[in-house]
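Inspection log for the structure reproduced underneath, given as C-alpha cells.
Counting convention: from 1, in listed order, for ligands and their atoms alike. For the single chain, residues carry numbers from 1 onward in sequence order. No hydrogens, no waters, no symmetry mates; every other heavy atom, side chains included, goes into these values.
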Amino acid sequence: MDKKRYERPLIKKLESNMPNKFGTRTEYTPKTHIDDVAVSELAEKYGSPLFVISEKTLRATIKKARNAFESRYPKVQFAWSYKTNYLDAVCKIFHQEGSWAEVVSGFEYDKALHNGVDGSKILFNGPDKTDADLKKAITNNSILHIDHLDEFYAIKEIAGELKVNAKVAVRVNMDTGIYPMWDRFGFNFENGQAWDVLNRIMRSDVMNLVGLHSHIGTFMLSPNAYAVAAKKLAELAIGVKEKYNHEVNYIDMGGGFASNNTLKGAYLPGQDISPSIDEFAEAITSALISSNFEPNKLPLLILETGRALVDDAGYLVGSVISNKRLSDGRRSTILDIGVNILFTSFWYDHKITPAQPFTKYTEDTVLYGPLCMNIDIIRNNIDLPLLNKGDKVVVHSVGAYNMTQWMQFITLRPKVVLIDLEGNTHIIRENESLQTLLELERIPEHLQEFDL
Ligand SMILES: *Cc1c(COP(=O)(O)O)cnc(C)c1O
C-alpha cells in the first residue's frame, strides 16, 4: 500500500462573495485523459509542456457549425481563418470538412496554396498585401477583399498590366452597436466610403465585384450585432443591383463568434454566457432572409469563424515545477507553461485542471509560468488542490491563437500532437531546439573567436 501523503491543514474563509445563479460550486474532477489517451502517458512520451489537439472535438465542432447555418440558409460556405491556427494538420482537417481558406498575409496565402487549396477558394483579407502578393493572387484567380484605396489603385494597375479581371470584394466596417467600433479595416458604411469604393469598382473594367465582406470584431458576445451587419451588407448588395444591375455572389460575415473561454473580469464563466453557434446562425440568416433579396436569389453566405471552431479542440499539458509561499501568505505554483506559449492567458482566465486525482482541500493559488519575467502569470487566482512537483495539469480551450501567436522567448516552443479519431497520437509539429534557432543565425567573420 502506498504511504498516504501528508497535506497541511488549512483554515479557509467562508466564501464571502455573492454566489452566482449556479451557486459557488468550485469543485471539479481531474482531467486524466484526453479522448481516452492518458495525460500522464502523453507527457511521458512527448515531453512537457505539450499541446494536444483532439481531431474528434474539432470535426464535431465544425460539423455542428455547418449544420447550424446549413439548416437555416440554402447556400453556406466556411473559410478557415489561417491566423487562428495555421498548423498544416489543423488546416487540412478544416479543408477535409469543406472549408475554403481565409488568409491575411502573403505567408498565409502561400501556406494555403501549399496545403493544396485551389487559388479560387482562397479569400485574401488584411491591410498588408504587397504588389507581389496581389499579382500572385490575381493570377491564381483568388478573391481580394479590398481594405483601403491604395490597395484598390494597386489592384487596378496590376490587373491592367496582367490584362485580367481581378475578383474583388469590399471589406465594410459599420456601426453595429458594439463599441469601440472596428473602423480601421475596410470602408465605412455610414459615412459613404463603402459606396465610394463600390462605385469605383463598378466603373473599372479590370475588376469584378464578387462579394461584400465584414468582420465586425472578435470574441463578440452579441448575435444581434451580426444581424445589424448582415442587414447593412444586404442593403449595399441590393443597392449595387439597383444601380448597376450587378449581382454580388456572396456576403461574407467574417468571424469573431465568442468561444467558451472566460474573459478576464467576467462574472460568469464563458461556457454559461457565450452565445451558441445556433444563436449567431439564427441572427445572421434571418437578417439575410428577411432583407429585400429576391427569395430565389439569396447570395452565398460565407463565414470565416476562427476561435469558436478550434478553441475547445486544443489542450495544453504542463507540469508543476515548484510550490512556494508569497510574502503575503498566498500559495503560488510554478508551472512549465509560460505566457510565451500560452499567449491567450493575457485576456482569458483559462480553465486549468489537475491531471491526477486529488484530495478535497483546495486553496486560492497564483499560477506562474517558468519565465524569469514578472509578467509571466498564467492565472492570478485559481482555486486548486495542492499540486506537487511533477504533477501534471491540463489547460483547456487553447486551440485558437496560441499556436500562431506563441513566442520563442527564454524557452523554445514545445511539440504539438494530434489525437486522431481512433485514439492514435501523431506529432504534427516538432519541438524547437537550439538547432532551429542556429539555422537562422549568421556570425560575421570578426566575431568568430574570443579569448576569455
Ligand atoms: C481573425 C479573422 C477572422 C477570425 O476571427 P475569430 O475571432 O477567430 O473568429 C475572420 N476573418 C478575418 C478577416 C479575420 O481577420
| query | Would His215 and Trp182 count as a close aromatic pair, with their ring centres under 6.0 Å? | reply |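 When the ring centroids of His215 and Trp182 are compared, they turn out to be within the sub-6.0 Å range.
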| request: Please assess Asn165 against Asn208 for the test side chain to side chain donor-acceptor pair (under 3.5 Å), listing each intermediate value before the final yes or no. | output: CA-CA 6 Å; Asn165 231 328; Asn208 177 17; over 6 Å; no
Which residue and non-hydrogen atom of the protein lie closest to [atom], and at what distance in Å?
{"atom": "atom 14 (C) of ligand 1", "answer": "Lys83 NZ, 2.8 Å"}
{"atom": "atom 8 (O) of ligand 1", "answer": "Tyr401 OH, 2.6 Å"}
{"atom": "atom 7 (O) of ligand 1", "answer": "Thr218 OG1, 2.5 Å"}
{"atom": "atom 11 (N) of ligand 1", "answer": "Glu304 OE1, 2.7 Å"}

| query | When you look for heavy atoms under 4.0 Å from ligand 1, do you find them on the side chain of His215, its backbone, both, or neither? | reply |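 Just the side chain.
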| said: Just to be sure I read this right, does ligand 1 sit under 4.0 Å from the backbone of His145, its side chain, both, or neither, counting only heavy atoms? | reply: neither
| field | Close approach, Phe185 and ligand 1, non-hydrogen under 4.0 angstrom | value | no
| request: Report yes or no: is the cationic atom of Lys83 (NZ for Lys, CZ for Arg) under 6.0 Å from the centre of the six-membered ring of Tyr401, at an angle within 45° of the ring normal? | output: no
| said: Whether Lys92 engages the ring of Trp80 as a cation-pi pair (distance to the six-membered ring centre under 6.0 angstrom, angle to the ring normal within 45°) should be assessed. | reply: no
| query | Would you find more than 12 non-hydrogen atoms of other residues, nucleotides or ligands less than 6.0 Å from Lys75 atom NZ? | reply | yes
| said: Evaluate Gly217 for polar contact with ligand 1, using N/O atom pairs at a separation under 3.5 Å. | reply: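 Looking only at distances, the answer is no, because the N/O contact criterion of under 3.5 Å is not met.
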| query | Are any of the N/O atoms in Arg171 less than 3.5 Å from those in ligand 1? | reply |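 Between Arg171 and ligand 1, no N or O pair is found under 3.5 Å apart.
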| task | Indicate yes or no: does Glu161 engage Lys135 in a salt bridge with an N to O separation below 4.0 Å. | result | no
Show which atoms of ligand 1 fall inside a sub-4.0 Å distance from at least one heavy-atom site of [X].
{"X": "Gly255", "value": "9 (O), 10 (C)"}
{"X": "Gly256", "value": "5 (O), 6 (P), 7 (O), 9 (O)"}
{"X": "Arg307", "value": "6 (P), 7 (O), 8 (O), 9 (O)"}

| Do His350 and Ser397 have side-chain N/O donor and acceptor atoms under 3.5 Å apart? | no
| said: Using the side-chain hydrogen bond (donor to acceptor under 3.5 Å, both in side chains) definition, which of the options Asp312, Thr84, Thr218 pairs with Arg307? | reply: Thr218
